[in-house]
Amino acid sequence: MSFNDEMFEKSLSVAIGSMKRSVIRELLKLVEKPEIISFAGGLPAPTTFPVEELQEIVSNSLGKYGKTMLQYGSTEGDSRLRRLLLERFAKQTNIKGLDDKNIIIVSASQQALDMVGKLFIDRGDIVLVENPSYLGGLSAFNSYGAKMVGVDLEDDGINIEQFEQKIKEIYSSGKKVKFFYTIPDFHNPAGVCYSLEKRKKILEIANKYQFIILEDAPYKELRYENEDLPYLYQLDSSGIVVTLFTFSKIYCPGLRLGWVIGHPKIIDKLVVIKQAVDLCTAPFNQIITAEYMERGFLDSRIEKNKQLYSKRKNIMLDAFEKYFPKGKGIKWTKPEGGLFLWVTLPEKINTEDLFFEAIKNNVAYVIGSAFYGDQPKFNSFRMNFSYPNEEDIIEGVKRLGKVLDNALS
Ligand SMILES: Cc1ncc(COP(=O)(O)O)c(C=O)c1O
């Protein structure tokens, strides 16, 4: 019997039926050829993965905790890992009094984005997002039928006047904002970091209009220059901020491990949701990670990652200066951390069209328009500097410089 397409289409939920395969995934398929130097992914450098330490830890832990590691675990997460994470967070932020009701372990932050979407969004609900924003977050909220309203991102965070103006318009049309999704530190894709003033202002506005702030912080600990700025969670005293953390960019994404810190009422609901999603995050991964942390490896790992990525970022910025055509209106961010640079071209250039020229020249980036919740712009692209090695960064930027030169002359 052949597959009945009509029956299949009619059986789909409204949310999934309206979802399309991501353009970016389709384009990234073109990037897989070995001759292409790709700046498109957001992958950590594989040389940063602690293979040897984990070999020893896995073997040792199986001996000690094998029966727990291979069993189902609690939905909230391994209690030792949660304790270690809370202790570390308290040390970093000086926040006292958080306990196990404030934290849930998740199968990395993408799962948390989905669970938060499930928790707050009914079809048609309004979610405020940065323009541009993280594609995976937008897709998660989209799958619950959110209506995304974008606010322009500037070098020091969103445009606050526009933020407040859009909120006023939403409220005066009788609707409300469910939450604001933000990546305040070393934004993906834009690389920017919010100023302290903007952090405070956003909290003030969210409190005034009474909506939740979803703070996504995968890059926060990857700061290469200047002083650390506080988490929004740290600045908030009213419990409206829920913060997502992940081990993906500071340790290893393959373990699919992250955590959420927030008000006990929010965490409690996330536990109920997670029970229906996957029962628990793999205890095996949680226990070896707790062991890794307890042995004091995590902080030194992060320091080494920072040294490597900072060097690669500077090499990429130098290569832009050297190989990108001058006086042609090309701008790029100069982030103090994270994994990405955001390049903006004159408006007449469409980076989707240019992508195919780049591929012909064996170099790839991610098109900027993929990162917009609404009103996409077409003249930007994202460059990753953590994955390609130093030589490839220079050669790849050189190739891209040629492509840009042709397009702009
Ligand atoms: C802003 C942001 N949030 C969440 C994620 C998801 O990461 P993971 O699910 O590996 O924790 C990423 C990955 O690149 C990201 O850039």
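Counting convention: from 1, in listed order, for ligands and their atoms alike. Worth saying up front: this structure is predicted, and the values here are computed from it rather than measured. FYI, side chains are in, hydrogens and waters are out, and symmetry mates aren't considered; it's all heavy atoms of this structure.
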A.B. asks: Do Arg382's NZ or CZ and the ring of Phe340 fall within the cation-pi criteria of under 6.0 Å and 45°?
C.D. replies: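 Yes, Arg382 and Phe340 form such a contact.
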
A.B. asks: Could you list the atoms of ligand 1 found under 4.0 angstrom from a heavy atom of Asn188?
C.D. replies: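 That gives atoms 14 (O), 15 (C), 16 (O) of ligand 1.
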
A.B. asks: Ring of Tyr231, cation from Lys220 - is the NZ or CZ under 6.0 Å from the centre and inside 45° of the axis?
C.D. replies: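 Verdict for Tyr231: a cation-pi partner in Lys220.
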
A.B. asks: At the 4.0 Å heavy-atom cut-off, does Pro253 count as touching ligand 1?
C.D. replies: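 No; Pro253 lies far enough from ligand 1 that no heavy-atom distance drops under 4.0 Å.
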
A.B. asks: Among Tyr292, Trp259, Phe49, find the residue that satisfies the ring pair (Phe, Tyr, Trp, His ring centres under 6.0 Å) test when tested with Phe247.
C.D. replies: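 Result for ring pair (Phe, Tyr, Trp, His ring centres under 6.0 Å) with Phe247: Trp259.
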
A.B. asks: Can you tell me the protein heavy atom closest to atom 16 (O) of ligand 1 and the distance?
C.D. replies: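 Here the closest protein heavy atom is Tyr219 OH, 2.5 Å.
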
A.B. asks: Would you call the rings of Phe141 and Tyr181 parallel, tilted or perpendicular, where under 30° means parallel and over 60° means perpendicular?
C.D. replies: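 Judged by the thresholds at 30° and 60°, the geometry between Phe141 and Tyr181 is perpendicular.
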
A.B. asks: What residue and heavy atom of the protein are closest to atom 10 (O) of ligand 1, and at what distance?
C.D. replies: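 Nearest neighbour among protein heavy atoms for atom 10 (O) of ligand 1, to 0.1 Å: Ser248 OG, 2.6 Å.
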
A.B. asks: Any nitrogen or oxygen of Gln111 lying under 3.5 Å from a nitrogen or oxygen in ligand 1? Just yes or no.
C.D. replies: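 No, there is no polar N/O contact under 3.5 Å.
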
A.B. asks: Please could you name the atoms of ligand 1 that Pro218 approaches to less than 4.0 Å, counting only its heavy atoms?
C.D. replies: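 Near Pro218, the atoms of ligand 1 are 1 (C), 2 (C), 3 (N), 15 (C).
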
A.B. asks: Can you spot which of Val106, Ile183, Leu214 makes a side-chain contact (heavy atoms from CB on, under 4.5 Å) with Leu244?
C.D. replies: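 Between Leu244 and the candidates, side-chain contact (heavy atoms from CB on, under 4.5 Å) is satisfied uniquely by Leu214.
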
A.B. asks: Strictly below 4.0 Å, N to O, side chains only: are Lys201 and Glu204 in salt-bridge contact?
C.D. replies: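 Salt bridge present between Lys201 and Glu204.
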
A.B. asks: Under 4.0 Å from any heavy atom of Arg256, which atoms of ligand 1 are there?
C.D. replies: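 Selected atoms, number and element: 8 (P), 9 (O), 10 (O).
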
A.B. asks: Does the pair Arg83/Glu294 count as a salt bridge with the N-to-O cut at 4.0 Å?
C.D. replies: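 Result for this pair is yes, salt bridge flagged.
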
A.B. asks: Could you list which atoms of ligand 1 come closer than 4.0 Å to a heavy atom of Thr246?
C.D. replies: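 Near Thr246, meaning under 4.0 Å from one of its heavy atoms, ligand 1 has 8 (P), 11 (O).
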
A.B. asks: What is the nearest protein non-hydrogen atom to atom 13 (C) of ligand 1, stated with its residue, atom name and distance?
C.D. replies: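 For atom 13 (C) of ligand 1, the nearest protein heavy atom is Lys249 NZ, 3.2 Å.
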
A.B. asks: Of the side chain and backbone of Ser109, name the one, both, or neither that has a heavy atom under 4.0 Å from an atom of ligand 1.
C.D. replies: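 For Ser109, the contact with ligand 1 is made by both the backbone and the side chain.
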
A.B. asks: Among all protein non-hydrogen atoms, which one is nearest to atom 1 (C) of ligand 1, and what is the separation to 0.1 Å?
C.D. replies: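 The closest one turns out to be Asp216 OD2, 3.3 Å.
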
A.B. asks: Does a side-chain N-to-carboxylate-O contact under 4.0 Å join Asp125 and Lys176?
C.D. replies: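 Not counted as a salt bridge, because no side-chain N and carboxylate O are separated by less than 4.0 Å.
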
A.B. asks: For Phe247, is the nearest heavy atom under 4.0 Å from an atom of ligand 1?
C.D. replies: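 No, that is not the case, since the closest heavy atom of the residue is not under 4.0 Å from the ligand.
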
